[in-house]
> 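The structure follows.
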Amino acid sequence: MEKGRTGCGALRAADEGSVVELCGWVNRRRDHGGLIFVDLRDNDGVTQVVFDPQHPSFQAAEHLRHEDVLRVRGTVRRRPAGTENPKLATGEIEVGVDELEILNRAQVPPFAVNSDDPVDENLRLEYRYLDLRRSRMQRNLRLRHRIVKAMRDYFDSRDFVEIETPMLMKSTPEGARDYLVPSRLHPGSFYALPQSPQMLKQILMIAGFGRYMQIARCMRDEDLRADRQPEFTQVDVEMSFCTQDDVLEIMESGMRYVWKAVLGVELPPFARLTYDEAIARYGVDKPDLRFGLELSDVGAHFAGTEFGVFASVLGAGGSIVALRYPGGASLSRRDFDALTETAKQFGAKGMVWVAYAADGVKSSASKFLSEAQLAAVRAAANAEEGDAVLLFADARELAYGVAGKMRNEVGDRCSLRDPRAFAFCWVLGFPYLELDEETGKPAPAHHPFTAPAEGQWELMESDPMQMRAQHYDMVLNGYELGSGSIRIHKPEQQRKIFEMLGLSPADVEHRFGFFVRALEYGAPPHGGMALGIDRIAMLACGEENIREVIAFPKNQVGRDLMMEAPSTVPEQLLRDLYLRSTVPADGSR
RNA sequence: GGCGCUGUAGCUCAGUUGGUUAGAGCGCCGCCCUGUCACGGCGGAGGUCGUGGGUUCGAGCCCCAUCAGCGUCGCCA
């Protein structure tokens with residue numbers, strides 16, 4: 001607070017009689033003709049200031065409007081008995097104005113700044129400075145600040161060093177699409193903005209820093225989602241001579257510290273699931289553990305079934321996955337049709353439902369299901385009378401995937417996803433390889449610096465798809481907060497992975513030469529992790545959209561509606577960079 | 001690129017089966033009001049019903065296209 005100025009949230013009854021100076025915005029004005037009250041708001045709170053008619057500033061106060069900016073000097077006085085406002089921290093007192101200075105006038109704002117009533121998001125983003133004045137964004141961004149500060153404090157206390165890495169980096173072929181920056185000094189060459197500081201933090205381990213962290217900005221040129229922005233912030237961590245358990249301990253303790261420091265919440269130890277368990281029980285590798293509704297495989301009960309759909313799926317080695325819908329027996333056929341449509345959007349070919357109502361069992365496939373099968377499904381899904389069970393039959397991966405997404409859908413419909421609950425977990429033991437959908441060949445499921453599970457290098461030759469990675473994800477309420485791994489630190493192993501990726505030695509030299517060379521100069525074993533700050537802040541704030549915890553976010557098509565970026569640039573700027581646009585003048589493509 | 005939803009006053013919304021001059025609350029403007037705090041009272045202004053086309057005697061409402069936004073799938077090593 002500047003010398004002599006008092007915050008608008010500071011004054012209490014004990015300050016009676018003191019002369020104070022307040023600065024802030026007109027949150028509200030109540031004009032009684034012979035007496036004017038103004039609620040003055042700053043980042044500290046709201047104070048009622050009073051203009052008496054005999055005072056020279058009274059006439060000016062008659063013309064004050066929402067969001068005008070004032071400096072006020074006056075005397076703190078207790079409010080008359082019976083007029084205190086218990087809803088206001090400063091509600092015992094008011095400031096009788098002696099001096100009013102109007103520092104600036106405001107246009108009539110396009111939406112109400114003094115309330116958190118919903119407003120069209122386009123408008124909020126266009127007038128973000130007004131939106132940020134509102135209490136929701138003030139609260140969210142201040143909470144976010146405290147999260148980031150708690151993280152820095154925590155990692156500092158555990159002897160991590162924050163080191164900045166460049167924003168102008170080198171484009172690498174795999175992963176997300178890069179944002180490119182043309183080089184003026186090197187015509188035809190480009191920097192890439194970092195997707196993450198991955199290789200640089202590993203090089204910092206090779207450089208002997210031992211424990212590194214960074215609040216790192218990352219950019220990925222992919223399509224946006226409610227939980228995804230093209231630029232985002234990670235707490236990026238790397239450590240030397242560590243095991244997977246060491247990293248998990250550091251990161252889990254960190255989250256526990258942050259939750260305690262910022263929210264006052266003591267988190268229990270995080271649940272640990274293997275990838276295979278997560279898929280089998282929840283159908284996803286980022287399960288929402290705020291609720292149960294675990295999946296079950298009921299294929300065994302349908303051996304020899306006459307039902308064509310099930311028979312062909314089982315014949316082809318697929319799965320039939322059951323999901324309980326609590327209270328679902330009361331749904332209408334129409335409701336089930338709508339659910340089936342939802343499942344189809346998740347990739348299902350269809351859905352069979354069974355409703356265990358008090359007056360009997362109904363099903364979309366009742367002709368084909370025996371009493372014994374209905375009972376077996378009910379038992380497998382732990383369904384009670386009044387529940388429904390949804391069945392998804394398909395190739396194993398698809399059936400579980402759809403069931404997992406439908407589990408979240410059912411969780412929403414049954415209000416099982418409490419926004420104030422925090423269910424953290426670790427997912428471990430990911431497969432090292434997955435089949436590339438285009439080529440059909442095995443490719444690393446994660447980034448190519450991940451180390452296989454201990455003692456599994458030999459599987460690379462014998463049974464590569466069985467290899468597991470020393471890779472781990474931290475998951476909160478169904479959101480992936482981040483992932484990490486123990487890295488490869490032997491240059492020959494790193495080369496082998498690149499080779500498997502189909503890179504020739506010349507490719508490796510061109511793209512990763514600096515990195516493999518660094519590994520050859522005594523790279524210590526190391527590993528680490530990165531967590532998405534935006535998602536953490538979003539969940540800590542109880543928000544469902546990442547834009548609510550970012551001061552100046554992009555909209556779904558990557559536009560900043562306030563400054564109107566991206567934009568065209570003067571021709572000369574392009575010439576300096578040796579660039580020429582291929583976009584026709586009318587903007588068509 | 002696919003699918004779904006949304007678009008009516010400055011804001012948030014209502015608008016019946018297609019039928020007279022498109023409404024409400026808040027905000028805005030003016031007047032009144034000395035204890036309010038979502039102050040109150042009286043009066044007033046304010047509309048390309050996203051845009052274009054079509055069907056119809058008649059369209060905010062139906063059809064087609066298009067724009068913008070949101071959600072989602074693909075995508076995000």
Side-chain angles (χ1 to χ4, degrees), chain A residues 27-41 46-54 58 62-63 65-67 77 79-88 90-91 94 96 107-127 130-131 172-178 195-196 198-199 218-230 232 338 341-348 401-402 405 408-409 430 432-434 436-438 443-450 469 471 480 483 485 497-498 501 503 532 544-545 547 555-557 559 561:
Chain A
N27 197 54
R28 222 168 228 119
R29 188 180 64 109
R30 291 176 294 280
D31 185 346
H32 286 237
L35 191 65
I36 297 172
F37 300 100
V38 168
D39 291 341
L40 198 63
R41 180 195 74 234
V46 171
T47 297
Q48 172 167 285
V49 300
V50 187
F51 295 87
D52 294 303
Q54 56 272 32
F58 185 82
E62 287 184 310
H63 297 106
R65 292 295 179 265
H66 285 136
E67 302 308 312
R77 61 196 192 205
R79 296 192 186 189
T83 66
E84 300 90 349
N85 184 352
K87 285 187 271 182
L88 220 52
T90 58
E94 63 193 12
Q107 299 273 359
V108 175
F111 52 85
V113 175
N114 58 15
S115 95
D116 277 333
D117 289 345
V119 174
D120 179 71
E121 200 181 3
N122 283 336
L123 207 60
R124 292 178 58 201
L125 292 176
E126 184 181 344
Y127 295 92
L130 296 179
D131 188 41
T172 50
E174 287 78 27
R177 203 171 290 112
D178 278 326
Q195 296 184 22
S196 82
Q198 181 62 36
M199 278 184 280
C218 305
M219 290 80 169
R220 295 176 189 176
D221 187 4
E222 298 291 347
D223 286 355
L224 286 72
R225 288 286 184 280
D227 64 350
R228 242 162 57 191
Q229 281 274 303
F232 57 101
E341 275 312 304
T342 305
K344 283 182 178 168
Q345 280 177 18
F346 292 145
V402 171
K405 287 175 179 142
N408 285 338
E409 176 75 20
F430 282 79
Y432 195 85
L433 301 171
E434 63 187 7
D436 187 299
E437 281 187 26
E438 283 171 31
H446 312 288
H447 61 57
F449 314 110
T450 302
H471 174 103
E480 182 195 318
S483 53
S485 61
I497 296 296
F498 287 142
L501 265 171
L503 295 178
E544 292 183 344
N545 194 300
R547 293 186 298 272
N555 72 4
Q556 199 170 61
V557 286
R559 269 208 285 248
L561 295 175

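Quick note on labels: first sequence line is chain A, next is B, and so on, each numbered from 1.
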> Produce a footprint string for nucleotides 29-41 of chain B: one letter per nucleotide, 5' end first; B if the base is under 4.0 Å from any protein heavy atom, S if only the sugar-phosphate is, - if neither.
SS--BBBBBSB--

> When you compare the protein's N or O atoms with those of nucleotides 2-5 of chain B, which come within less than 3.5 Å of each other, and at what distance?
residue: B:rC3; atom: O2'; partner: A:Gln345; partner atom: NE2; Å: 3.4

> Any protein N or O atoms within reach of nucleotides 7-10 of chain B? Criterion: under 3.5 Å, listing atom names and distances.
residue: B:rG10; atom: O2'; partner: A:Pro110; partner atom: O; Å: 2.8

> Using a cut-off of 4.0 Å on non-hydrogen atoms, how would the nucleic acid contact of A:Val46 be classed: base, sugar-phosphate, or nothing?
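Here A:Val46 touches no strand at all.
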
> By nearest atom, which of the nucleotides B:rC11, B:rG69, B:rG71 is closest to the A:Asn122 side chain?
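Out of B:rC11, B:rG69, B:rG71, the nucleotide with an atom closest to A:Asn122's side chain is B:rG69.
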
> Got a sec, which residues hit salt bridge (charged side-chain N to carboxylate O under 4.0 Å, His left out) with A:Glu222, two or more places apart in sequence or on another chain?
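Checked A:Glu222 against salt bridge (charged side-chain N to carboxylate O under 4.0 Å, His left out); matches are A:Arg177.
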
> Categorize A:Ala445 for me: base, sugar-phosphate, or nothing, with a 4.0 angstrom heavy-atom threshold over every strand shown.
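Sugar-phosphate contact only.
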
> Check the phosphate of B:rU72 against A:Arg228, side-chain N and O only, distance under 4.0 Å to OP1 or OP2. Yes or no?
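Looking at the OP1 and OP2 atoms of B:rU72, neither is under 4.0 Å from any side-chain N or O of A:Arg228.
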
> Establish, with yes or no, whether the OP1 or OP2 oxygen of B:rC75 is under 4.0 angstrom from a side-chain nitrogen or oxygen of A:Arg225.
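Indeed not, no polar side-chain atom of A:Arg225 lies that close.
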
> Any side-chain N or O of A:Gln556 less than 4.0 Å from the OP1 or OP2 oxygen of B:rG71?
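Indeed, a polar side-chain atom of A:Gln556 lies that close.
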
> Using a heavy-atom cut-off of 4.0 Å across all strands, would you classify A:Arg547 as base, sugar-phosphate, or nothing?
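A:Arg547: backbone/sugar contact only, no base atoms under 4.0 Å.
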
> Which residues pass the ring pair (Phe, Tyr, Trp, His ring centres under 6.0 Å) test with A:Phe449, sequence neighbours left out?
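With neighbours one apart ignored, the set is A:His447, A:Phe515.
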
> Are A:Phe37 and A:His32, when compared by the centres of their aromatic rings, separated by less than 6.0 Å?
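Distance test on ring centres: under 6.0 Å, yes.
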
> Can you sort out the partners of A:His66 under ring pair (Phe, Tyr, Trp, His ring centres under 6.0 Å), two or more places apart, ordered by chain and number?
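A:His66 satisfies ring pair (Phe, Tyr, Trp, His ring centres under 6.0 Å) with no residue once adjacent residues are dropped.
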
